[in-house]
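The next block holds one structure in the form of structure tokens; read it before the comments.
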Amino acid sequence: MVSRFDQQKTKHQLFHVSISLATILICMTYMQYRRNWAHLGSFWDSLIVPIVFIGELLKVILARFFGRIEDGVLTAKQRQKKAAYFTPRELLGGLTLQFLCTLLYAFICIILGAPVLANYEQTFVLSLLMTLLTVSPTVFLLGGGGALQVCFCEKPDFITKCEDTALHLFKYNALGGILGAWAGSVVAPLDWGRDWQAYPIPNVIGALLGSALGNIYACTHVLYTCGRVYMSKKRA
């Protein structure tokens, strides 16, 4: 028999994946509407970064919505520790962590062949997008200190089951985005003479598509689990 928590968890997962796929679909629709994809590397002339930011923020709000009841099972000490992770100092630490991750992604892009000075704005936009797809959701959910613990493969002791579910889904989003951005760089040196081969267009598109595939895999896994539970109940 499926417990109430399992039902809530499944709803959370499906809504989370739906937001992710809707965000990617909106990005692709916007890119098709603009037609000239050269603007993707511009910080001021592209809506890709704001769209992804809003999508990731909505997923965190969703996790908060489903986890509002679970906060009651935390001890007073755990609630106090959790509240300490959202003080102004910790919020500043979260912004610093995201900034450092953006610099790290920019350094990786340069190491892999991105121009150092000629396309600095494009590198910044790509690095910021990668930060939003990988680190930012965890910072928004757990604060700077909690996100730092997760980065070092250590879960905070105040984490709830709903937040653990969100972190599990964030993992697919991050892995898909990283692999997609890396795969997108493969087409850049090919001599096809296409406009969309210009840096960082293939990497941005690859990151978005990779994130979508990661979320589709997560959705498939959830639906498969639901199907097994349904068949088990039917046999019983």
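Both backbone and side-chain heavy atoms feed into the values below; hydrogens, waters and symmetry mates do not.
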Evaluate the side-chain contact (heavy atoms from CB on, under 4.5 Å) criterion for residues Phe65 and Phe15: first the C-alpha distance (whole Å), next the side-chain angles of each, then the deciding distance (0.1 Å), finally the verdict. CA-CA 11 Å; Phe65 174 77; Phe15 277 121; over 6 Å; no

Residue pairs fulfilling side-chain hydrogen bond (donor to acceptor under 3.5 Å, both in side chains) with at least one residue in residues 111-122, sequence neighbours excluded: none

Value for CD1 (Ile26) from CD1 (Ile19), rounded to nearest 0.5 Å, stands at 10.5 Å

Which ILVMFWY residues can you reach from Ile111 by hopping between side chains whose heavy atoms are under 4.5 Å apart? Phe107

Main-chain N/O of Ala181 paired to Asn203 side chain as donor or acceptor, under 3.5 Å: yes

Can you spot which of Thr23, Thr134, Asn173 makes a side chain to side chain donor-acceptor pair (under 3.5 Å) with Ser211? Asn173

To the closest 0.5 Å, what do you measure between CG (Leu169) and CG (Asn215)? 7.5 Å

Non-neighbouring partners of Ser185 that pass side-chain hydrogen bond (donor to acceptor under 3.5 Å, both in side chains), sequence neighbours left out: none

For residues 41-55, run the donor-acceptor check on the side chains, cut-off 3.5 Å, and write out each pair with its distance to 0.1 Å, sequence neighbours left out.
unit_1	atom_1	unit_2	atom_2	d
Ser42	OG	Asp45	N	3.1
Asp45	OD2	Arg34	NH2	3.2
Ser46	OG	Ile48	N	3.3

Heavy atoms, side chains only, cut-off 4.5 Å: are Cys162 and His12 in contact? yes

Could you state the interatomic distance from OG1 (Thr96) to CG (Leu148), rounded to the nearest 0.5 Å? 11.0 Å

For side-chain contact (heavy atoms from CB on, under 4.5 Å), just list the numbers for Gln149 and Leu142, CA-CA rounded to whole Å, side-chain angles, deciding distance to a tenth of an Å, and then say yes or no. CA-CA 10 Å; Gln149 285 185 257; Leu142 301 180; over 6 Å; no

Do Tyr199 and Thr123 have side-chain N/O donor and acceptor atoms under 3.5 Å apart? yes

Rounded at 0.5 Å granularity, tell me how far CG in Leu133 sits from OH in Tyr105. 8.5 Å

Heavy atoms, side chains only, cut-off 4.5 Å: are Ile108 and Met130 in contact? no

Should Leu208 and Ile178 be regarded as members of a common hydrophobic cluster, given that ILVMFWY residues are connected when their side-chain heavy atoms come within less than 4.5 Å of each other, either directly or indirectly? yes

Taking a hydrophobic cluster as the set of Ile, Leu, Val, Met, Phe, Trp and Tyr residues connected by side-chain heavy atoms closer than 4.5 Å, whether directly or through intermediates, do Leu62 and Phe140 fall within one such cluster? yes

Leu25, Leu129: one ILVMFWY side-chain cluster at the under-4.5 Å cut-off? no

When clusters are formed by joining ILVMFWY residues with side-chain heavy atoms under 4.5 Å apart, either directly or through shared neighbours, do Phe99 and Phe124 land in the same one? no

When rounded to the nearest 0.5 angstrom, what distance separates CD in Gln13 from OG1 in Thr165? 6.0 Å

Decide if the gap between the ring center of His16 and the ring center of Phe170 is smaller than 6.0 angstrom. yes

Under a 3.5 Å cutoff, is there a donor and acceptor pairing between the side chains of Ser136 and Glu56? no

Partners passing side-chain hydrogen bond (donor to acceptor under 3.5 Å, both in side chains) against Ser127 (at least two apart in sequence or in another chain): none

At what distance, to the nearest 0.5 angstrom, does NE2 of His168 lie from NZ of Lys9? 7.5 Å

Between Leu128, Val139, Val135, which is the residue that forms a side-chain contact (heavy atoms from CB on, under 4.5 Å) with Cys101? Val135

Establish whether Met28 and Val125 are linked, either directly or via other cluster members, by ILVMFWY side-chain heavy-atom contacts under 4.5 Å. yes

Under the 4.5 Å side-chain heavy-atom rule for ILVMFWY, direct or indirect, which residues accompany Tyr172? Tyr217

